[in-house]
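Input: a single structure, listed below in structure tokens.
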Amino acid sequence: MKVLGKDKLTAFMHKNAISRKPLTLWLADAERSVWQTPQDIKNAYRSADFLSDNRVIFNINGNHNRLIIKVHYCNGIVKIDWVGTHAEYDKLKL
């Protein structure tokens, strides 16, 4: 998949060094994956949750962090919408 919005990951990793390795691993996995359906994601990430408009929530770093992406399955693009701590996520209004 082609991942857009990597700058959001980079900025978050600079503020939260403990998240650097798990997010780097997620990014590498996403870039080498070919997700054609939500089931492809669910097969790889059992804890992934799905929202409307092809958005997906990932638990990162033992659920200490959350990552929200939007997937464009037909053209193989993933857009990073948001990344933050679980506490910050709880305050979001999705």
Side-chain angles (χ1 to χ4, degrees):
M1 304 296 288
K2 180 176 181 170
V3 179
L4 306 177
K6 294 180 200 177
D7 56 318
K8 292 177 184 177
L9 289 182
T10 302
F12 183 76
M13 288 188 284
H14 282 298
K15 292 188 301 185
N16 298 280
I18 196 165
S19 68
R20 181 171 287 125
K21 184 175 180 180
L23 284 170
T24 301
L25 290 172
W26 179 89
L27 178 60
D29 187 50
E31 289 180 324
R32 71 175 165 264
S33 295
V34 179
W35 297 328
Q36 297 179 334
T37 67
Q39 189 62 49
D40 293 336
I41 295 173
K42 196 65 168 176
N43 290 343
Y45 296 93
R46 294 203 179 269
S47 65
D49 292 311
F50 298 85
L51 301 172
S52 63
D53 201 26
N54 290 326
R55 292 182 299 158
V56 185
I57 303 169
F58 292 92
N59 297 322
I60 304 291
N61 194 23
N63 204 21
H64 292 287
N65 304 114
R66 293 284 179 99
L67 171 65
I68 302 174
I69 65 168
K70 183 170 182 173
V71 183
H72 299 272
Y73 296 100
C74 60
N75 42 355
I77 294 175
V78 169
K79 180 184 171 278
I80 302 203
D81 278 347
W82 184 87
V83 61
T85 66
H86 194 106
E88 292 168 333
Y89 171 82
D90 287 341
K91 295 176 185 175
L92 288 179
K93 295 186 176 155
L94 301 174

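Numbering of residues begins at 1 and proceeds along the displayed sequence.
How far CG of Asn61 is from OG of Ser19: 7.0 Å, rounded to the nearest 0.5 Å. One distance of note links NE2 of His14 with CG of Leu9; it measures 11.0 Å at 0.5 Å rounding. Rounded to the nearest 0.5 angstrom, Ile68 CD1 and Tyr89 OH are separated by 5.5 Å. The OG1 atom of Thr37 sits 10.5 Å away from the CG atom of Asn54 when rounded to the nearest 0.5 Å.
Side-chain contact between Met13 and Lys8: absent, with no pair of heavy atoms (C-beta onward) separated by less than 4.5 Å. Using a 4.5 Å heavy-atom cutoff, the side chains of Asp81 and Ile69 are not in contact. Put simply, the side chain of Asp53 reaches to within 4.5 Å of the side chain of Lys70, judged on heavy atoms. Contact of the Tyr73 side chain with the Ile41 side chain is registered, since non-hydrogen atoms from C-beta on lie closer than 4.5 Å. Taking 4.5 Å as the limit, every side-chain heavy atom of Leu51 sits out of range of all side-chain heavy atoms of Val56.
No more than 12 heavy-atom neighbours from other residues, nucleotides or ligands sit within 6.0 angstrom of CD on Gln36.
Taking all atoms of both residues into account, the shortest heavy-atom contact from Phe12 to Gly84 is CE1-CA, 3.4 Å. Considering every non-hydrogen atom in both Val34 and Asp40, the closest pair reads O-OD2, 3.9 Å. Between Trp82 and Arg66, the closest heavy-atom pair is CZ3-O, 3.7 Å.
Listed by chain and number, the residues in a ring-ring contact (aromatic ring centres under 6.0 Å, His included) with Phe58 are Trp26, Tyr45 (sequence neighbours excluded).
Members clustered with Leu4: Ile77, by chain and number, using a 4.5 Å side-chain heavy-atom cutoff among hydrophobic residues.
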